[in-house]
There are 2 protein chains.
Amino acid sequence: MMEASQVGTTRRPLSRDRVLRAGVALADEEGIEALSMRRLAQRLGVVPMALYKHVANKEELLDGMVDVVVSEIDPPLEAADWRAAVRERVLSARRVLLRHPWARPVIETRTGASPAVLDHMDSLVAMFRAGGFSAELTHHVMHALGSRMWGFTQEVFPSAPPPEDPALREAMFRQVTSRWPHIAEIAGAGAAHRADYVVGGGCDDQFEFEFTLDLLLDGFERLRQQDWRPRA
Amino acid sequence: MMEASQVGTTRRPLSRDRVLRAGVALADEEGIEALSMRRLAQRLGVVPMALYKHVANKEELLDGMVDVVVSEIDPPLEAADWRAAVRERVLSARRVLLRHPWARPVIETRTGASPAVLDHMDSLVAMFRAGGFSAELTHHVMHALGSRMWGFTQEVFPSAPPPEDPALREAMFRQVTSRWPHIAEIAGAGAAHRADYVVGGGCDDQFEFEFTLDLLLDGFERLRQQDWRPRA
DNA sequence: ACCTGAACACCGTTCAAGT
DNA sequence: ACCTGAACACCGTTCAAGT
């Protein structure tokens, strides 16, 4: 007969890998704010302290979860040119990160790089070097790519949906157009024409991401062709 | 005679402004993780529940604190060209954010824009429009600027200092150079030559920030001159 | 009507007592 | 030696009892 703690859980022995994967699943399903050591232990049918056999603390759990997610990124392509190779790898990272939205803020708060993170970075650096970028230019270009190497942009436009009440929405619209006229003017000017959104909101994320990625890659290519050198 | 709760605190009546400024001071001095409703109340010589008269909850406290910080950004300059105006305003934002390092992650987690945030965005949009950017191009260019409009880049290189022990450092160095040879190659190639740092770490943040900002501004200018249009 | 102490429902992590 | 219940030192927020 099964014990209560085993209901709904296969009673495999706990391992670091099982802890990390359960953490990812919990964050995927209920969001990162729902991920606590206690809730994760409960999900695994285990006493909270049992987790500390496999991760030193919650920070190390998050480190490991990032590693699991980053490992899902497709292996680097053997592409003809550096631009296609980098572009595809970044968009591949983006597809993974879109499946695990909680990973974005977690990656941003990591203080050390995990092996999988270094693997991803190393493969990008290799692409630039193979494409004829100097070590120095590659260094700066990697900084410029920044968190975009994970396929996300920090969204700075407010994303709250407009209020339901038409009168209130109208009042808000009037306030925005009078106090921030320039924002109001460009709000609807994105690819997706959603007039009901006052500020941003209805923007096409994928379009904006690729727009900026291509702008950066164009800039990189120009510097490469110019044989860019520091303090020149 | 003073009550214990008044020692070290001027007994002014509590106000939303005083709560927000105390929050900023606490976060400046002890970091964002030290900011709790209870600790903030203690600092103000007040019972925790007294704060809820002035902010609905902790999220609204953080919203207000961001507003206080963003209001410290210098007013927009009347510059001859859009490029100088945008550049100066972004670097001004950067100076403010460097004084309040906790504000970076907090800005990133806000879901709605405060008036001061919209003021900053509106002034940037106005600069692009005055510089001859179409509403549509300005929209995409603002997305491309992203969180860089606050003067920060998401740092993706691990920043942990190398271990003290020379033998351990040597072992780590050897592991990195063999497993991630391309990263090792570009690690020391930044402006600041700090050979003791294996991966990044010793990079010149200000240089990298301006490098990428100028790369983006160059790209914006090129699109403007080409009279960029969507799906062309 | 206003203010606030105690309580509720949580946290991450330590530690000593049990097997 | 291993495992774990209870405890510690916190959280944000609710609520009812006090003035």
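Just so it is clear, the structure is predicted and the values come from calculations on it, not from any experiment. In what follows, every chain begins at residue 1, and chains take the letters A, B, ... in the order their sequences are listed.
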Q | Whole-Å distance separating the CG atom of B:L35 from the C1' atom of D:dG12 | A | 12 Å
**Q.** A:R104 side chain to A:W150 backbone, donor-acceptor under 3.5 Å
**A.** no
**Q.** Spacing between B:Q42 atom CD and C:dT4 atom C1', to the nearest angstrom
**A.** 16 Å
Q: Starting from C1' on D:dC10, measure out to CZ on B:R38 and report it in whole angstrom.
A: 8 Å
(Q) Going by purine N1 to pyrimidine N3 plus the second Watson-Crick contact, or the G-U wobble pair, all under 3.5 Å, which nucleotide sits opposite C:dA16? (A) D:dT4
Q. Is A:H143 close to B:F211 at the side-chain level, that is, under 4.5 Å between some pair of heavy atoms?
A. no
Q: Take the angle between the ring planes of B:W102 and B:H100 and call it parallel below 30°, perpendicular above 60°, tilted in between.
A: perpendicular
Q: Round to a whole Å and report the spacing from CD of B:E33 to P of D:dC11.
A: 12 Å
Q. Counting only side-chain N and O atoms of B:K53, is one of them less than 4.0 Å from OP1 or OP2 of C:dC3?
A. yes
Q) When you measure from the side chain of B:S36, which nucleotide among D:dC11, C:dT4, C:dC11 comes out closest? A) D:dC11
(Q) Rounding to an integer number of Å, can you tell me how far A:Y52 OH sits from C:dG12 P? (A) 6 Å
Q. In the structure shown, which nucleotide is the Watson-Crick or G-U wobble counterpart of C:dC10, with both distances under 3.5 Å?
A. none
Q) Could you state the CG-C1' distance from B:L61 to D:dC11, rounded to the nearest angstrom? A) 14 Å
Q | Between P of C:dG12 and CD of A:E59, the distance in whole Å | A | 11 Å
Q) What interatomic distance, in whole Å, is found between C1' of C:dT14 and the corresponding atom of D:dG12? A) 23 Å
Q: Report yes if the distance between the aromatic ring centroids of A:H140 and B:F207 is under 6.0 Å, otherwise no.
A: yes
Q | Whole-Å distance separating the NZ atom of A:K58 from the C1' atom of C:dT14 | A | 18 Å
Q: Report which part of the nucleic acid A:M49 touches: base, sugar-phosphate, or nothing (heavy-atom distance under 4.0 Å, all strands).
A: base
**Q.** Verdict with supporting geometry, A:V96 and A:D74, side-chain contact (heavy atoms from CB on, under 4.5 Å)
**A.** CA-CA 9 Å; A:V96 171; A:D74 294 332; over 6 Å; no
